[in-house]
2 protein chains.
Amino acid sequence: MAANAAYPIIDADIHNEQEDRALLPYLPEPWRSRVAGSGIGYAMSGYWSPVGVMRKDALPPNGARAGSVPELIVEQLIEPFQVEAAVLTGVVYNISTTHDPDYAAAICSAYNDYVAHEWLGKHPSFKAAIAVSTLDPELAAREIDRLAGHPGFVEVIISSAARFPLGQRYYHPIYAACERAGLPLAVHPGAEGGGLSTAPTAAGYPSRYLEWHTNLSQMFMAHLVSFVCEGVFVKFPGLKLVLVEGGVAWLAPLLWRLDKNYKALRSTVPWLTRLPSEYVRDHCYLTTQPIEEPDNPQHLADLFNMMDAENMLLYSSDYPHWDFDAPDKILRKLKPEARRKVFYDNARQLYRLG
Amino acid sequence: MAANAAYPIIDADIHNEQEDRALLPYLPEPWRSRVAGSGIGYAMSGYWSPVGVMRKDALPPNGARAGSVPELIVEQLIEPFQVEAAVLTGVVYNISTTHDPDYAAAICSAYNDYVAHEWLGKHPSFKAAIAVSTLDPELAAREIDRLAGHPGFVEVIISSAARFPLGQRYYHPIYAACERAGLPLAVHPGAEGGGLSTAPTAAGYPSRYLEWHTNLSQMFMAHLVSFVCEGVFVKFPGLKLVLVEGGVAWLAPLLWRLDKNYKALRSTVPWLTRLPSEYVRDHCYLTTQPIEEPDNPQHLADLFNMMDAENMLLYSSDYPHWDFDAPDKILRKLKPEARRKVFYDNARQLYRLG
């Protein structure tokens with residue numbers, strides 16, 4: 001079942017979960033009482049998926065949450081697909097759409113300690129993302145500094161649901177801390193339209209999960225334009241950005257538009273000395289799931305030729321979510337060398353593994 | 001200078017302008033006094049273009065607004081490029097981001113009467129779009145009914161800047177009226193982020209015009225997903241939709257994502273009986289300006305092969321705006337037959353010209 005017997009796989013997006021009460025031992029008061037009494041209380045969007053959000057077969061027999069039993073992840077994902085490293089991304093980044101910045105920071109810290117103590121040793125493949133909230137970038141930076149150097153944490157993760165575009169100066173303390181720690185920054189969707197975040201599309205609130213999910217790529221387009229134009233990659237030349245679960249096929253058309261506009265309008269972004277697309281190529285990665293699936297698979301291959309796909313893509317499964325991409329089922333048109341980069345080499349280099 | 005000597009051109013997006021006071025004879029009180037005292041007062045976004053919004057050479061020597069002198073349009077656009085029909089789109093659709101629905105409706109009616117009396121007879125190429133506001137769809141429908149059958153009006157135009165996605169039921173009276181009148185509906189950007197419209201990107205307000213302009217395509221993505229998923233094309237099978245000035249290269253990747261999601265999530269949109277992309281192919285057109293310009297022009301040609309480009313694109317110049325596309329400078333990779341469709345046949349059929 002392995003994608004290729006010649007090399008193992010690195011999976012850049014696996015959603016470990018836990019019962020809310022699992023964080024209690026790591027939470028100070030008053031947050032321990034809050035979670036004990038009311039649960040974490042994410043501010044999600046409320047859109048409803050008719051097929052559920054979880055793979056039905058990933059629900060543990062004991063009634064626990066999907067993704068919460070390490071042994072089941074090993075059995076369903078790590079072993080059958082020869083996953084050498086699995087980046088546990090959790091779901092706690094979603095806390096950034098709640099309202100209290102101290103609570104959000106406390107939840108993230110508690111989760112990070114919980115993962116360090118209760119996941120990272122459970123299987124040699126397990127690596128994890130440090131969850132931080134964007135509600136107070138200074139607190140987020142402190143959390144990154146606190147955990148920098150821990151060998152199990154290979155990136156920092158924030159929510160793509162936010163109050164304004166992620167390139168803006170308000171957020172820069174987070175990026176400075178990522179650069180100090182030598183950790184890539186991952187951006188992940190999930191709570192778009194929930195709590196204090198923006199509407200989930202440029203045109204406001206759509207009616208259904210089908211529309212909400214289809215439109216999630218827009219959040220990544222807007223953030224990416226912001227990262228580049230605000231000069232984040234000029235100010236933090238060591239920063240690497242991983243756009244997780246936002247789709248990939250939109251990248252080339254967006255960069256054509258951005259490069260064209262830059263040529264005419266660059267006087268307002270004088271810190272940029274190269275084309276926007278060049279910064280993206282040098283600093284950005286996109287995870288593959290959910291991969292676009294045109295009727296004609298050659299179309300996706302053609303689109304990959306219009307971007308530096310083989311060097312920018314990182315395979316991800318999104319286990320245990322409903323739209324999981326098995327490594328042997330996707331990207332079949334990639335040439336063997338490009339496939340090896342996407343499924344293994346790019347992530348190994350980015351995350352400094354092995 | 002013609003794009004092709006073998007056939008004339010139809011230009012689907014020319015921005016005629018006028019001094020605000022030109023509408024006074026067509027306005028009832030109290031709106032006449034309002035415009036006389038304060039001007040129209042569009043609620044625009046406030047983003048600033050460092051190169052201006054108008055072509056410098058399109059500014060009339062008498063100090064009038066660019067686009068306000070019919071003879072100059074004929075001299076700079078109609079004659080040199082053999083434009084057989086020019087769809088005058090104006091700028092008045094931008095009124096939809098102001099707050100008073102009665103005022104917005106009155107401005108649109110006054111503008112439509114002004115165009116009928118003072119533009120449509122000025123040159124045989126001139127056709128016009130009926131401007132309506134989305135602030136009161138019933139009033140908009142009444143305006144469309146009022147002008148239906150006028151031979152000079154070939155479409156209805158609304159702003160893409162809106163309070164929520166354009167497919168939703170609130171707007172349907174407009175689409176019913178378009179279908180009754182046999183007129184395509186055009187959607188045009190400009191006021192995104194202004195007045196009571198949504199933020200101009202899914203991630204909120206970017207900092208600069210460069211970002212604002214690059215991100216405008218997102219508004220069209222969100223609206224298009226909404227049009228399809230809300231069943232507008234099922235409810236109004238005669239409706240044709242023209243996405244004006246929103247870019248084109250994003251279409252195929254978006255539809256891959258939408259079709260894929262539809263296959264899994266269609267139970268919440270039971271009125272759809274075909275793939276979303278099929279409704280788009282049958283009902284939608286995109287105007288070409290501002291056309292994406294990859295370094296390798298073959299990339300755009302390849303992307304056109306992934307959509308039904310030759311049947312869905314309508315040439316537009318966007319005269320007199322800064323990023324005007326001359327017909328002899330763009331889409332050079334299109335084969336002659338496809339080129340003829342994009343520059344002439346598609347628009348002639350859609351607008352029932354000639």
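The chains referred to below are lettered A, B, ... by the order of the sequence lines, with proteins before strands, and numbering in each begins at 1. Keep in mind that this is a model prediction, so the values were computed, not measured.
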Residue, of [options], that accumulates the most heavy atom pairs under 4.5 Å with chain A:
| options | value |
| --- | --- |
| B:Ser160, B:Cys229, B:Ala162, B:Ser277 | B:Cys229 |
| B:Trp250, B:Tyr205, B:Phe220 | B:Tyr205 |
| B:Pro206, B:Gly167, B:Ser197, B:Ala161 | B:Pro206 |
| B:Leu255, B:Asn261, B:Leu216 | B:Asn261 |

Chain B contact via A:Ala199 - side chain, backbone, both or neither, heavy atoms under 4.5 Å: backbone
Under a 4.5 Å heavy-atom cut-off, does chain B meet the side chain of A:Pro294, its backbone, both or neither? both
Could you go through B:Lys260 and A:Ile291, starting from their C-alpha distance and side-chain angles, then the distance that decides it, and tell me whether this counts as side-chain contact (heavy atoms from CB on, under 4.5 Å)? CA-CA 10 Å; B:Lys260 178 178 174 177; A:Ile291 197 72; 4.2 Å; yes
Is [X] close to chain A through its backbone or its side chain, or both, or neither, when contacts mean heavy atoms under 4.5 Å?
| X | answer |
| --- | --- |
| B:Pro290 | both |
| B:Asn305 | backbone |
| B:Pro165 | both |

Nearest-0.5 Å distance, [atom1] of residue [X] to [atom2] of residue [Y]:
| X | Y | atom1 | atom2 | result |
| --- | --- | --- | --- | --- |
| A:Ser267 | B:Leu210 | OG | CG | 9.5 Å |
| A:Thr268 | B:Glu211 | OG1 | CD | 8.0 Å |
| B:Asp259 | A:Glu293 | CG | CD | 11.0 Å |
| A:Phe164 | B:Ser207 | CZ | OG | 9.5 Å |

Taking everything shown except B:Arg274 itself, do over 12 heavy atoms lie less than 6.0 Å from its CZ? yes
With a 6.0 Å cut-off (strictly less than), is the heavy-atom count around CG of B:Asp295, excluding the residue itself, greater than 12? no
Could you have a look at [options] and say which one has the most heavy-atom pairs with chain B under 4.5 angstrom?
| options | result |
| --- | --- |
| A:Thr198, A:Leu166, A:Leu300 | A:Thr198 |
| A:His213, A:His223, A:Gln298, A:Glu192 | A:His213 |
| A:Leu265, A:Asn215, A:Leu303, A:Val228 | A:Leu265 |
| A:Arg208, A:Arg266, A:Arg163 | A:Arg208 |
| A:Leu275, A:Val269, A:Leu258 | A:Leu258 |
| A:Gly204, A:Ala222, A:Ala203 | A:Ala203 |

Heavy-atom distance under 4.5 Å between the side chains of B:Ser217 and A:Gln218, does that happen here? no
State whether the side chain of A:Glu292 and the backbone N or O of B:Ala252 hold a donor-acceptor pair below 3.5 Å, judged by distance alone. no
